[in-house]
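For reference, the structure discussed in these notes is given below.
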Amino acid sequence: MRGDGDGWVFDPDGARYWGRHGAAGLLLRAPLADGTTGILLQHRALWSHQGGTWGLPGGARDSHETPEDTAMREADEEAGIVRTMLTVRESLVTHEAESGWTYTTVIADVDTPVDTVANVESAELRWVSEHGVDELPLHPAFARSWPTLRSTLGRL
């Protein structure tokens, strides 16, 4: 079912952003067997905006949703992550466009790397060591926000 948030927002310079009311994504972390922290990443389907890059499960925010609601709904739709598994730690606006469009990253924890089920928006879902995230070809906006997010993870 499509929500009322589906649609593009355009900046005066022509830059476009998905989500009429903004967008949100879930940065989910879990302890890995080797003692490092794992981050769940989504390899975006080739047909999607910035397809072929790695980022977070996420998408358009509907008018009635909080960023946390959006991030958890999208993680369920795109990765089969059930809201009750998560402990939300913090939410950060990691991009704000000239038009007022925002992307909020919701940071949450699970006790162990949960199994995932990819939908058509994902070429792959993978738990990646926090130290290996920036070795992948990241979605440009996620790449720009990763240093701030990594610093935030270090303080949580």
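None of these values were measured; they are calculated from a predicted model.
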* Asked: Crowded around D34 CG? As in, over 12 foreign heavy atoms under 6.0 Å?
  -> yes
* Asked: How about D111: does its CG atom have over 12 heavy atoms from other parts shown lying under 6.0 Å from it?
  -> no
Heavy-atom closest contact ([X] atom, [Y] atom, distance):
{"X": "T70", "Y": "A60", "answer": "CG2-O, 3.4 Å"}
{"X": "N119", "Y": "E77", "answer": "ND2-O, 3.0 Å"}
{"X": "P67", "Y": "V106", "answer": "O-CG2, 3.8 Å"}
{"X": "R126", "Y": "E124", "answer": "NE-OE2, 3.0 Å"}
{"X": "W127", "Y": "L32", "answer": "CB-CD2, 4.4 Å"}
{"X": "L40", "Y": "P57", "answer": "O-CD, 4.2 Å"}

Does a side chain donor of either [X] or [Y] reach within less than 3.5 Å of an acceptor in the other side chain?
{"X": "T87", "Y": "D109", "result": "no"}
{"X": "S122", "Y": "Q42", "result": "yes"}
{"X": "T94", "Y": "T105", "result": "yes"}

Enter the distance from [X]:[atom1] to [Y]:[atom2] here, rounded to the nearest 0.5 Å.
{"X": "L125", "Y": "I81", "atom1": "CG", "atom2": "CD1", "value": "7.5 Å"}
{"X": "T116", "Y": "L41", "atom1": "OG1", "atom2": "CG", "value": "11.0 Å"}
{"X": "D62", "Y": "D69", "atom1": "CG", "atom2": "CG", "value": "10.0 Å"}
{"X": "L92", "Y": "T148", "atom1": "CG", "atom2": "OG1", "value": "8.5 Å"}
{"X": "D134", "Y": "W54", "atom1": "CG", "atom2": "CH2", "value": "14.0 Å"}
{"X": "L56", "Y": "I39", "atom1": "CG", "atom2": "CD1", "value": "8.5 Å"}

* Asked: So F142 and V133, side chain to side chain contact (heavy atoms under 4.5 Å, CB included) or not? Walk me through it.
  -> CA-CA 10 Å; F142 180 54; V133 168; 3.9 Å; yes
Are [X] and [Y] connected in the hydrophobic side-chain network, where two residues link if heavy atoms are under 4.5 Å apart?
{"X": "L156", "Y": "M85", "result": "no"}
{"X": "L138", "Y": "L27", "result": "yes"}
{"X": "V82", "Y": "V110", "result": "yes"}
{"X": "I107", "Y": "V114", "result": "no"}

* **Test item: D13 side-chain N/O and A15 main-chain N/O as donor-acceptor pair under 3.5 Å** => yes
* Asked: E78 and R73: salt bridge (Lys or Arg N to Asp or Glu O under 4.0 Å), yes or no, with the steps?
  -> CA-CA 9 Å; E78 296 178 4; R73 174 182 52 77; over 6 Å; no
[X] bridged to [Y] by N-O distance under 4.0 Å:
{"X": "R20", "Y": "D6", "answer": "no"}
{"X": "E130", "Y": "R150", "answer": "yes"}
{"X": "E68", "Y": "R83", "answer": "no"}

Heavy-atom side-chain proximity of [X] to [Y] below 4.5 angstrom:
{"X": "V88", "Y": "M72", "result": "yes"}
{"X": "H95", "Y": "T104", "result": "no"}
{"X": "R89", "Y": "R29", "result": "yes"}

* To do: Scan W101, F10, W8, Y103 and name whichever one has a ring-ring contact (aromatic ring centres under 6.0 Å, His included) with Y17.
  => W101
* Give the intermediate values and the outcome of side chain to side chain contact (heavy atoms under 4.5 Å, CB included) for residues R16 and V9. => CA-CA 6 Å; R16 65 182 180 151; V9 171; over 6 Å; no
* Going through the checks in order, is the side chain to side chain contact (heavy atoms under 4.5 Å, CB included) test met by L86 and L26? -> CA-CA 10 Å; L86 312 176; L26 184 70; 3.9 Å; yes
